[in-house]
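FYI, the numbering just counts along the sequence from 1. When a ligand or atom number is given, it counts from 1 through the structure's own listing order.
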Amino acid sequence: MSADQTATPARTLGAGLEPFLERLDAEAEALAARTETWSAINSGSFELTGLKLMRAPLLDAVSALPGQVEEVQLRPSERVRPDGEVIEIEHGASIRVRVRPEAPIQVALTGHYDTVFPAAHPFQKPWRDGAMLRGPGAADMKGGIAVMLAALQAFEATPGDKRVGYEVLLSPDEEIGSMASAPLLAALGAKAHVGMTYEPALADGALVDARKGSGNFSLIVKGRAAHVGRAFADGRSAVLAAAEAALALNALNGQRDGVTFNVGAIDGGSAVNVVPERAVLRFNIRSPDAEGAIWGEAEARRIAEAANARDGISAHLHGGITRPPKPLNDQQRTIVSWTRTAGEALGLDLKFQASGGVCEGNNLAAAGCPNIDTLGPCGGGLHSDQEFALLASFSERAKLSFLMLSGLERGLFDVRSLRS
Ligand SMILES: [Zn+2]
């Protein structure tokens, strides 16, 4: 047997599936057009009307899959206003599709249909620009949802009873931290063998294998107002207490490998002849591993307590590490190797790299579900009016997901080696 006749895993994986791969190639324009249509619908994370408008075509699109479709209402989440008051904000619903929940192999496919662009933002309409589709959500991640659904439809079209069942979860709050959909992601991650999430791959085609964990915090500080001219000594400045806490947080940078503390904003104060009574210090902590996250959060609590102990000052810490780290552990290495095998079957040499950014893949991993979370189209300029998806990558990445599902179905990727 010559070397090129050897049955490599990649060769075995692609065998017999050529017609389905060709079909996905032929769908390239349809996928781009679908993404373009969805991109034109504003669905900023706080735009309840737009999110509802966006759910209509999504519900229509997922109806092409077998299984039960539902809209799951989400609980309100808390936000700290600039004046320090904690308020509840409403969210859109998640869309959930359950297909073959009794099947022995269960896959979690997740995505978000919100974008970072509010309705008032000037970046609203998609357009074609050479090899790119530009527009809000073109890559992050309306394009990703289009890729996911194309792969699932191709998978459903393959003959035979299926051993792979799955749940699709499309959420409206990823860009603001997934606080409301977190319980759904945790429940899904706890029962699925493998996770597939559709954040965009990088423009050079690379995917992400490991992610830092992240948490947003607000230190709500209250002092005592006083007129600067008449009773300066009676005042207790919330802004100064917040500023000192900010410096203490910043001084933690560099103390532990990869753990970062970023002071993002201080809200507070009013006129310069008044000792400020209220301030809110907003900061983010990121860590590559669980130990660092625990340490970082404990340090933040220590600094909050020190602020609270100041004369005339009360300080209350709001928030936490809500996206735990997703380290490159053995389970994660295994699913990366499967993805590379699926890429090989398509003639792709897929590269992986770590990221400091966070996504639903963090939530799934925290629930014990190894996952690849950059299965969407290749793109860049995310979260800006430079956002684009590469048109040629829509079919390519749909084929990649299709082959991963097929590998699970054919037992080439053995989920029992991932979790028991
Ligand atoms: Zn995203």
Side-chain angles (χ1 to χ4, degrees), residues 31 34-35 38-39 41-47 50-51 54-55 58 74 77 91-92 94-95 108-118 121 123 126 132-149 151 168-182 184-185 188-189 195-203 205-214 216 284 286 322-324 326 353-366 371-390 393-394 397-398 401:
L31 288 178
R34 169 173 263 185
T35 304
W38 290 351
S39 172
I41 303 170
N42 177 276
S43 56
S45 309
F46 296 106
E47 306 288 350
L51 289 164
M54 187 61 217
R55 282 201 293 284
L58 289 174
L74 304 181
S77 65
H91 297 282
S94 288
I95 293 174
L109 295 109
T110 79
H112 64 87
Y113 65 91
D114 62 326
T115 72
V116 299
F117 305 103
H121 194 283
F123 188 50
M132 297 180 283
L133 173 63
R134 293 189 178 275
D140 185 15
M141 66 160 40
K142 292 173 181 181
I145 294 173
V147 164
M148 177 210 289
L149 297 180
V168 174
L169 185 68
L170 305 177
S171 297
D173 64 333
E174 196 278 337
E175 298 293 5
I176 49 173
S178 302
M179 296 301 292
S181 56
L184 300 180
L185 288 163
L188 177 54
M196 299 169 75
T197 294
Y198 286 80
E199 293 292 339
L202 281 80
L207 293 91
V208 171
D209 53 10
R211 292 182 182 274
K212 284 187 176 184
S214 172
N216 294 328
N284 174 270
R286 285 181 196 236
T322 48
R323 296 227 207 249
K326 176 183 164 181
Q353 62 186 60
S355 171
V358 292
C359 73
E360 291 171 342
N362 292 73
N363 299 62
L364 293 177
N371 63 84
I372 302 294
D373 56 28
T374 36
L375 289 167
C378 305
L382 310 181
H383 298 191
S384 81
D385 62 7
Q386 299 298 306
E387 179 174 358
F388 68 91
L390 293 174
S393 67
F394 282 89
R397 299 297 154 137
S401 282

With P126 via side chain to side chain contact (heavy atoms under 4.5 Å, CB included) - residues at least two apart: E36, S39, A40, L133
Residues forming a side chain to side chain contact (heavy atoms under 4.5 Å, CB included) with T322, sequence neighbours excluded: M179
Atoms (protein N, O or S; no water) under 2.8 Å from the Zn ion (ligand 1): 4
Check ion pair K326-E360 (N to O, under 4.0 angstrom): no
Heavy-atom donor-acceptor pair, R211 side chain to G357 backbone, under 3.5 Å: yes
Flag, side chain of N371 to backbone of G361, donor-acceptor distance under 3.5 Å: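 Yes: the side chain of N371 pairs with the backbone of G361.
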Residues forming a ring-ring contact (aromatic ring centres under 6.0 Å, His included) with H383, sequence neighbours excluded: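 If we apply the ring-ring contact (aromatic ring centres under 6.0 Å, His included) test to H383, skipping adjacent residues, there are no hits.
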